[in-house]
Amino acid sequence: MGLTRAARIILVGAPGVGKGTQTERLIRKYPQLSSISSGDLLRDNVRKKSPLGIKAEGIMKAGNLLPDTVMLRLITNELKVRGWMENVMPLTLNSSSIAVEQPEEDISADFETSGLTSDDPSASFILDGFPRTASQASQIDKNIDINWVVSLKTPPSIIIDRICNRWVHAPSGRVYNTTFSPPQVEGKDDVTGEPLSRRADDDPDTWKTRLQKFEETSLSLLEHYDKKGVLWSVNGNSSNEITPQLVKEFERRFS
Ligand code: AMP
């Protein structure tokens with residue numbers, strides 16, 4: 001089914017709520033959609049041992065957030081690489097943010113965080129995990145006109161149970177759950193047959209820190225988008241309960 005307008009979507013939810021699963025399902029149903037997961041981009045850097053990855057690894061393991069400027073450049077760069085952001089301007093080298101001790105030069109040295117997202121339905125995307133704070137949201141407002149923000153709600157006690165059963169295919173970000181959506185062959189990715197692994201941040205104590213961070217930052221993030229009239233919330237104890245509600249509302253808005 002085709003989209004009638006560009007969808008620029010953010011999924012907001014506690015760590016482990018199933019943002020990745022919902023994203024994957026929407027994309028499978030609507031191939032015009034694509035996704036950018038800030039966590040996956042960072043994990044990719046960690047795996048490749050890039051300078052950003054080396055710096056991010058400790059912060060992520062501790063369940064803390066990376067600095068806004070780093071995230072902003074990482075995402076803007078990705079949007080441009082994919083051709084979803086127009087009016088690219090060259091990097092202003094005397095930008096004051098360069099002076100801050102952060103690895104900007106390692107992630108997007110050729111790009112400035114300027115430009116506008118395309119309105120063509122083919123430039124439709126889901127941002128997973130970014131923006132995560134009201135501050136990140138205000139900073140992207142002028143470049144990325146987010147037109148749907150989905151708040152995914154599942155009780156934390158249910159999420160922690162699920163996290164203990166979560167396995168991922170690191171190169172693609174595909175997520176499996178040994179109870180709800182097991183791989184066809186135990187321990188192997190369905191598409192490539194490569195081994196699955198646990199995410200380093202799927203440790204219960206790390207998860208609790210991440211949940212606390214989420215609770216601290218998400219309220220003002222959701223308020224930011226509520227004021228813009230683009231917030232929509234959905235409740236469910238499992239991804240399977242949430243998906244049909246999400247798809248119905250997506251279709252009402254974009255197809
Ligand atoms: P996620 O897979 O979205 O849960 O992200 C994993 C980790 O990456 C987070 O716990 C943060 O350390 C980092 N991270 C991802 N997205 C952001 C963001 N928008 N701002 C700051 N840190 C982020």
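Counting starts at 1 for both ligands and their atoms, following the listed order. Side-chain atoms are counted along with the backbone in the values below, which use heavy atoms only and exclude waters and symmetry mates.
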Gap separating the CZ atom of Arg47 from the OG atom of Ser197, nearest 0.5 angstrom: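 It is 8.0 Å, given to the nearest 0.5 Å.
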Spatial distance of atom CD1 (Ile10) from atom OH (Tyr225) [nearest 0.5 Å]: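 One finds 3.5 Å between CD1 of Ile10 and OH of Tyr225.
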Path from Val175 to Trp207 over hydrophobic side-chain contacts below 4.5 Å: no
ILVMFWY network linking Leu11 to Leu211, side-chain heavy atoms under 4.5 angstrom: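 They do share one cluster, since a chain of ILVMFWY contacts under 4.5 Å joins Leu11 to Leu211.
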SB check Arg174 Asp189 (cutoff 4.0 Å):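 The answer is yes: the pair qualifies as a salt bridge.
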Ligand 1 N/O to protein N/O, distances under 3.5 Å:
from, atom 1, to, atom 2, distance (Å)
ligand 1, 2 (O), Arg43, NH1, 3.0
ligand 1, 2 (O), Arg43, NH2, 2.9
ligand 1, 2 (O), Arg199, NH2, 3.4
ligand 1, 3 (O), Arg132, NH1, 3.2
ligand 1, 3 (O), Arg132, NH2, 3.2
ligand 1, 4 (O), Arg132, NH2, 3.0
ligand 1, 4 (O), Arg210, NH2, 2.6
ligand 1, 5 (O), Arg132, NH2, 3.4
ligand 1, 12 (O), Asn64, O, 2.5
ligand 1, 16 (N), Ser38, OG, 2.7
ligand 1, 16 (N), Gly129, O, 3.4
ligand 1, 16 (N), Arg132, NH1, 2.9
ligand 1, 19 (N), Gly129, O, 2.9
ligand 1, 19 (N), Gln136, OE1, 3.1
ligand 1, 20 (N), Gln136, NE2, 2.9
ligand 1, 22 (N), Leu66, N, 3.1

Pair Phe254 + Tyr30: ring centers closer than 6.0 Å: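 No, the ring of Phe254 stays outside the 6.0 Å limit from the ring of Tyr30, centre to centre.
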